[in-house]
Amino acid sequence: MPELPEVETVVRLIRPRLTGRKMIGARFSVPRQLRPQTPDSVRRAVRCQVVSRVQRRGKYILIDLDKGTLLVHLRMTGRLYVRSSGKPHDAHERAFFDLDDGCTLVLNDSRTLGTIRYFSKKKLPAQIQRLGWEPLEETPGPDQVRDIFRRRTLAIKPLLLDQSLWAGIGNIYASEILWDATINPQKRASQLTREEIRRLIDSVPRILRHALECGGTTLRNFADPDGKSGSYQDEFRVYGRDGETCLRCGGVIVRIVQAQRSTYYCKKCQKMRQNICGKEKGEIV
DNA sequence: CATTACCTGCAA
DNA sequence: TTGCAGGTAATG
């Protein structure tokens, strides 16, 4: 479930069930997910601590305790939920934090790429410090974005996946945002026009907010133990729609690969545009 | 900058 | 059997 809208949805679901609860134990079946820490050290660190706050930064989940913070990243297949006592287990549950009310905070992660680590207060890890704008809270100015893009020759789509610009955009929403902003995903960031940058800055929070209102995206029939699932997949304009028709212009949606990841866009309305000055460098039609 | 590694599960 | 999947860090 892991782009910003999905992570925020998870945080909102677990927050009321965690806040004020004391952790009385912890178990981990894949020690690698805690690296460079160990199951023993994390278990000892969290034991008897009370959850004071649950937050999100980019795609990271921060579970604040009295004396430190648990940092969880779901990566590709991670799911985080609070299970009531007696409810059935699942084969892919990898980490368990037992709470004083009998419930358990569970990390379910089939590919085991998700990460958990504990850090004591005051020292925010580098991963968090490197993150860029929080899309739902701050909107960068066009000149600021232009200054950054000016120096970047990378295509705009893979650049949107760079968490040091906007934090929380992933592979699905990058395509959806660029469709919304009517920008060709292969266009180099340095070649974006002032107008395209303006539309991009506008589209980023609007698409992510809309997805959040839908409860995020649920792909591949993920069964949520709470019976909750997002519906944004019904709102997709381009993602996974290759061969289908563009809902804006009737053009064909195509799939390409950029930086080893799928990108979807409309070949007609997201075509590389001409400048007033003529064809742009690197144009691919 | 691009490529690879880290993993498992499912569909083509 | 291969390729692909909502991500990031570590390599050349």
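Naming convention: chains lettered A, B, ... in sequence-line order (proteins, then strands); numbering from 1 in each chain.
A distance of about 23 Å separates the C1' atoms of B/dG9 and C/dA9, rounded to the whole Å. Separating the P atom of C/dT11 from that of B/dC7 is a span of 14 Å, rounded to the nearest Å.
Each of A/Asp98, A/Val50, A/Leu65 was compared with A/Met23 under the side chain to side chain contact (heavy atoms under 4.5 Å, CB included) criterion, and only A/Leu65 meets it. A side chain to side chain donor-acceptor pair (under 3.5 Å) with A/Gln33 is found for one member of A/Asp109, A/Thr112, A/Thr115 and no other, namely A/Asp109.
Nearest to the side-chain atoms of A/Met76 among the listed nucleotides B/dC6, C/dG7, B/dC1 stands C/dG7. Of the candidates B/dC7, C/dT8, B/dT8, the closest approach to any side-chain atom of A/His92 belongs to B/dT8. Closest contact between the side chain of A/Ser262 and the listed nucleotides C/dT8, C/dA9, C/dA5 involves C/dA5. Residue A/Ser110 has its side chain nearest to B/dG9 when only B/dG9, B/dC7, B/dC1 are considered. Minimum atom distance to the side chain of A/Gln127 is reached by C/dA9, of the listed C/dA9, C/dC4, B/dC6. Picking from C/dC4, B/dC1, C/dT8 the nucleotide with the shortest atom distance to the side chain of A/Thr153 gives B/dC1.
Among the heavy atoms of the strands, none lies under 4.0 Å from A/Tyr232. Looking at heavy-atom distances under 4.0 Å, A/Arg35 makes no contact with the nucleic acid at all. Residue A/Arg261 is in base contact, counting any heavy-atom pair closer than 4.0 Å across all strands shown.
Atom CD1 of A/Ile116 is separated from atom P of C/dT8 by 16 Å (rounded to the nearest Å). Look at CG on A/Asp242: it is 12 Å from P on C/dC4, rounded to the nearest Å. Atoms CD (A/Glu93) and C1' (B/dT8) sit 16 Å apart, rounded to a whole Å. Going from atom CG of A/Asn171 over to atom P of C/dC4 covers 13 Å, rounded to whole Å. In this entry the distance linking CG of A/Asp162 with C1' of B/dA2 reads 15 Å, nearest Å. Taking atom CD1 on A/Ile61 and atom C1' on C/dT8, their separation rounds to 16 Å, with Å as the unit. Atom-to-atom, CZ of A/Arg94 to P of B/dT8 comes out at 8 Å; the value is rounded to the nearest Å. When the P atom of C/dT8 is taken as reference, atom CD of A/Glu3 falls 9 Å away, rounded to whole Å.
Base-pair partner of C/dA10: B/dT3 (Watson-Crick or G-U wobble, both distances under 3.5 Å).
A donor-acceptor pair is defined here as one N or O able to donate and one able to accept, closer than 3.5 Å; no such pair exists between the side chain of A/Glu137 and the backbone of A/Pro135. A donor-acceptor pair under 3.5 Å is formed between the side chain of A/Arg209 and the backbone N or O of A/Leu136.
Taking the six-membered ring for Trp and thresholds of 30 and 60 degrees, A/Tyr173 and A/Tyr232 have ring planes inclined between 30 and 60 degrees apart.
Each of A/Leu154 and A/Gln260 was assigned the nucleotide of DNA chain B with the nearest heavy atom; the assignment lying further toward the 5' end belongs to A/Leu154.
Side-chain atoms of A/Arg111 and base atoms of C/dA5 include a donor and an acceptor less than 3.5 Å apart.
Look at A/Arg57 and A/Glu134 and you find a salt bridge, because one of the NZ, NE, NH1 or NH2 atoms lies within 4.0 Å of a carboxylate O, short of that distance.
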